[in-house]
Amino acid sequence: MKVHGRMTVFPIMPARINRLYELAYNLWWSWHPEARALYSTLDPDLWDNVGHNPVRFLSEVQPERLEAAANEAGYLQRYDTILSNFDAYMHPAAHGTWFSRTYPELSDSVIAYFSAEFGLHESLPIYSGGLGILSGDHCKEASDLGLPFVGVGFLYPQGYFRQSITREGVQEAAYDKLHFSEAPAIPACDANGNEIMITVELPGRHIHAKVWKVQVGRIPLYLMDTDVAPNAPPDRELSARLYGGDREMRISQEIVLGIGGVRALRALGISPAAWHLNEGHAAFLNLERCRELVAAGLSFNQAREAVAANSLFTTHTPVPAGNDTFSYDLVDKYFGSYWGQLGLTRDQFMEVAREDHGWGPTYGMTVLALRLTGQHNGVSELHGAVSRKMWQFLWPGIDAEEVPIEYITNGVHTPSWISEEMNALFKRYLGEDWEERVDDAELWNRLSDIPDEELWKTHLQRKEALIDFTRRHLKGQHLRLGEGAVQITEFEHMLDSNALLIGFARRFATYKRATLIFRDPERLHRLLNNPEHPVQIIFAGKAHPADEPGKALIEQVYRFSRSDAFRGKVIFLENYDIDMARYLVSGTDLWLNNPIRPHEASGTSGQKAALNGQPNCSILDGWWAEGYNGKNGWAIGEEREYHLRSRNSVREAD
Ligand SMILES: *Cc1c(COP(=O)(O)O)cnc(C)c1O
């Protein structure tokens, strides 16, 4: 297989275990630890060196290791069990799936799910934060439930950035080339077996995108890539990075995602029965669907009604500035030849997505999405209320409560986020099939059957695993900075498993207020150094490379972590990713979240922590306003309702 000028050569695989290839190309392995172990146990160091990517792993592993495994009874037994579980999952004959049992008549009604990012696994860095993790979890859950579902997005050749922190605490961004021949992706083909290439029009040129397929359990994820030969060099860079570049690059990417995404599905012969826009980035897809219907003879208004009838939109951003908008100049440039195909004048076209907050009209992607979809939802109860208020102007004369934006609180994909140890404990006390019954309240009553000592013992295993991970990570981080062997030994004993360990990891967006706990450093110092009850805090997270205030927060936390006063008590781990998140949400003792209310639309890391038995200490924002019941953690502040009021950082810090 030759892709991007680079060959991936696999060693000769013993026939007895040659389905390791097949398994590597289905991300099912990513949420089955025993399947991951089929690779990692062959060569644990190599597994780490290749970033837990089984495709790369198989291309680099020593043939002797494969040979040895093919002759080892224990390995073969694991291999056979896992592949038979995999086959049973992929071909659920007897019982079918939840969806096929519940909606047998809808098995051919495909749901298309569009998102600019998908956070599936650390080895596929096409996500930046919560939005992407949600999309990834959504795909995995759709697979588990047996939904007829396809995902549509981008395969960014450079993905999102790798973060490193300088000695001064400055975030640096590095973009690693993702060689698709080393990713679990294959070219998507049409009915005749031809590789699919779609085109969209940008000012003065056509640009092409190749369509790749990543298999996520039972569902395919189609990812577009503009780094292909017919495109001019700047266009080849178009999909290079997630959230990179300027407004022109952003609108171009969104045209490829929305318009190109529809064309990709058409080329694949897929006619979705429902179209789901995860955030506004893909909203051009609805224009493209209107264009198809207008070409078939409908008026724009008829087309728009037909399109809205089977499409839905999830909004994620409770701050106006976070919602994508484009200037009219840019829209003129990019859509000047498009609105005519919709049967619209320029003014009519602009009106569809018009948004004006007092500094002139702009073309808003959230407005476009709300106007052209029939169902809309926010991502928590509170965020639903905030969104109704925020977009009320689109429904003049209607009270905020009546604005048609519902809410569906975000969730997480249980098997991806529960630790192996906690899962084993739950299996013992809740039953082998507990993961299939997470929506059964009775199941959770049985949690109290788990003896405290066992729960604690399991938690301590994860805490020690996190401490070990942290020490290794810090050593690597500081060796890279050129520190000598003596300094590095500092990290070998860092963190005490007998002291309370607080976790704070998420994107360093300013509203998340990472430094709030440092408001009174002397008081914090006293708390952390309490002789009876010492406390330690681990921080991690990336700031968007263009977010200077966010980067300044990283610098502040980092400087605290290296100061004499807080060294060893406050830790900053660079390059937060899914792998690190798995350690943190299962290994700290308390999960802290203190955003400016109500800016955290949902938040999901706290749900991952709760799943692993960790209490949350959080502002009553996002999901926690619903999740907190007075006994399962702590609330910072008292308000659950949404009022516009002044920010109370001082009070909340106390
Ligand atoms: C869960 C997760 C997020 C989202 O966390 P929030 O608490 O919603 O900010 C972001 N990044 C990674 C790597 C995650 O695993």
Side-chain angles (χ1 to χ4, degrees), residues 30-31 51-52 115 117-141 159-163 242-243 278-279 314 316-319 322 378-380 382-383 409-419 466 469 473 502-514 538-544 547 550 553 573-588 590-612 614 616-627 633:
S30 73
W31 69 95
H52 307 162
S115 182
E117 44 174 314
F118 286 90
L120 293 154
H121 186 259
E122 60 267 20
S123 64
L124 201 55
I126 56 171
Y127 63 93
S128 81
L131 180 72
I133 304 290
L134 180 79
S135 311
D137 279 10
H138 205 123
C139 290
K140 294 173 187 170
E141 195 64 47
Y160 201 55
F161 72 96
R162 186 163 48 75
Q163 177 195 53
L242 171 61
Y243 306 143
N278 187 42
E279 192 53 306
T314 302
H316 289 261
T317 317
V319 252
V379 291
S380 67
L382 182 64
H383 178 236
T409 306
N410 282 347
V412 297
H413 179 245
T414 312
S416 292
W417 294 107
I418 189 150
S419 73
L466 168 64
F469 172 89
H473 196 89
I502 298 176
F504 184 103
R506 47 185 55 82
R507 285 183 306 111
F508 267 56
T510 45
Y511 77 85
K512 296 193 186 236
R513 294 191 297 190
I538 302 184
F539 287 88
K542 298 174 177 177
H544 186 282
D547 177 9
L553 292 180
L573 293 177
E574 69 182 8
N575 201 32
Y576 185 45
D577 70 357
I578 290 177
D579 183 39
M580 188 186 290
R582 277 198 302 267
Y583 278 100
L584 287 168
V585 297
S586 64
T588 53
L590 180 73
W591 198 251
L592 176 67
N593 192 16
N594 45 238
I596 294 173
R597 202 169 175 281
H599 287 194
E600 185 84 305
S602 168
T604 53
S605 59
Q607 300 179 353
K608 302 168 195 167
L611 182 62
N612 286 289
Q614 215 187 127
N616 279 267
C617 176
S618 170
I619 301 274
L620 286 169
D621 198 6
W623 80 282
W624 189 233
E626 294 156 66

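Counting starts at 1 for both ligands and their atoms, following the listed order.
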Student: In terms of ring plane angle, is the pair His413 and Trp31 parallel, tilted or perpendicular, where the classes change at 30° and 60°?
Tutor: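 Because their plane-to-plane angle is over 60°, the rings of His413 and Trp31 count as perpendicular.
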
Student: For atom 11 (N) of ligand 1, grab the closest protein heavy atom and report residue, atom and distance to one decimal in Å.
Tutor: Tyr576 CE2, 3.5 Å

Student: Side chain, backbone, both or neither: which part of Met580 comes within less than 4.0 Å of ligand 1 when only heavy atoms are counted?
Tutor: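 Contact part for Met580 vs ligand 1: neither.
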
Student: Check Asp621 against Pro595 and note the closest heavy-atom contact, atom names and distance.
Tutor: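 In terms of heavy atoms, the two residues are closest at OD2-CG, 3.8 Å.
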
Student: Would you mind listing which atoms of ligand 1 come within a distance below 4.0 Å of any non-hydrogen atom of Ala581?
Tutor: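 Those qualifying, in numeric order: 15 (O).
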
Student: Atoms of ligand 1 less than 4.0 Å from Gly603 heavy atoms?
Tutor: 8 (O)

Student: Among Leu590, Asn594, Thr588, which one satisfies side-chain contact (heavy atoms from CB on, under 4.5 Å) with Leu592?
Tutor: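 Among Leu590, Asn594, Thr588, the one that satisfies the side-chain contact (heavy atoms from CB on, under 4.5 Å) with Leu592 is Asn594.
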
Student: Are side-chain N/O atoms of Tyr576 and Gln163 paired as donor and acceptor at under 3.5 Å?
Tutor: no

Student: Give the ring-plane orientation class for His544 versus Tyr243, where under 30° counts as parallel, over 60° as perpendicular and anything between as tilted.
Tutor: tilted

Student: So which protein heavy atom does atom 4 (C) of ligand 1 come closest to, and at what separation?
Tutor: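 Looking at atom 4 (C) of ligand 1, the protein heavy atom closest to it is Gly130 CA, 3.5 Å.
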
Student: Name the closest protein heavy atom to atom 8 (O) of ligand 1, giving the residue it belongs to and the distance to 0.1 Å.
Tutor: Thr604 N, 2.9 Å

Student: Give the contacting part of Trp417 toward ligand 1: side chain, backbone, both or neither, where contact means a heavy-atom distance below 4.0 Å.
Tutor: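 Under 4.0 Å from ligand 1, Trp417 contributes side-chain atoms alone.
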
Student: Run the numbers on Leu573 and Tyr583 for side chain to side chain contact (heavy atoms under 4.5 Å, CB included), then give the verdict.
Tutor: CA-CA 12 Å; Leu573 293 177; Tyr583 278 100; over 6 Å; no

Student: Have Ser135 and Asn278 got a donor and an acceptor in their side chains that come within less than 3.5 Å?
Tutor: yes

Student: Considering heavy atoms of the protein only, find what lies nearest to atom 9 (O) of ligand 1 and give residue, atom and distance to 0.1 Å.
Tutor: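 Its nearest protein heavy-atom neighbour is Lys512 NZ, 2.8 Å.
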
Student: What protein heavy atom lies closest to atom 6 (P) of ligand 1? Include the residue and the distance to one decimal.
Tutor: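 Sorting protein heavy atoms by distance from atom 6 (P) of ligand 1 puts Ser605 OG, 3.6 Å first.
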
Student: Side chain, backbone, both or neither: which part of Val412 has a heavy atom under 4.0 Å from ligand 1?
Tutor: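 None of Val412 does.
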
Student: What atoms in ligand 1 come closer than 4.0 Å to a heavy atom of Asp577?
Tutor: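 Those atoms are 13 (C).
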
Student: Looking at ligand 1, would Lys608 count as a contact under a 4.0 Å heavy-atom criterion?
Tutor: yes

Student: What closest approach, in Å, do Thr510 and Asp547 show between heavy atoms, and which atom pair accounts for it?
Tutor: N-OD2, 4.5 Å

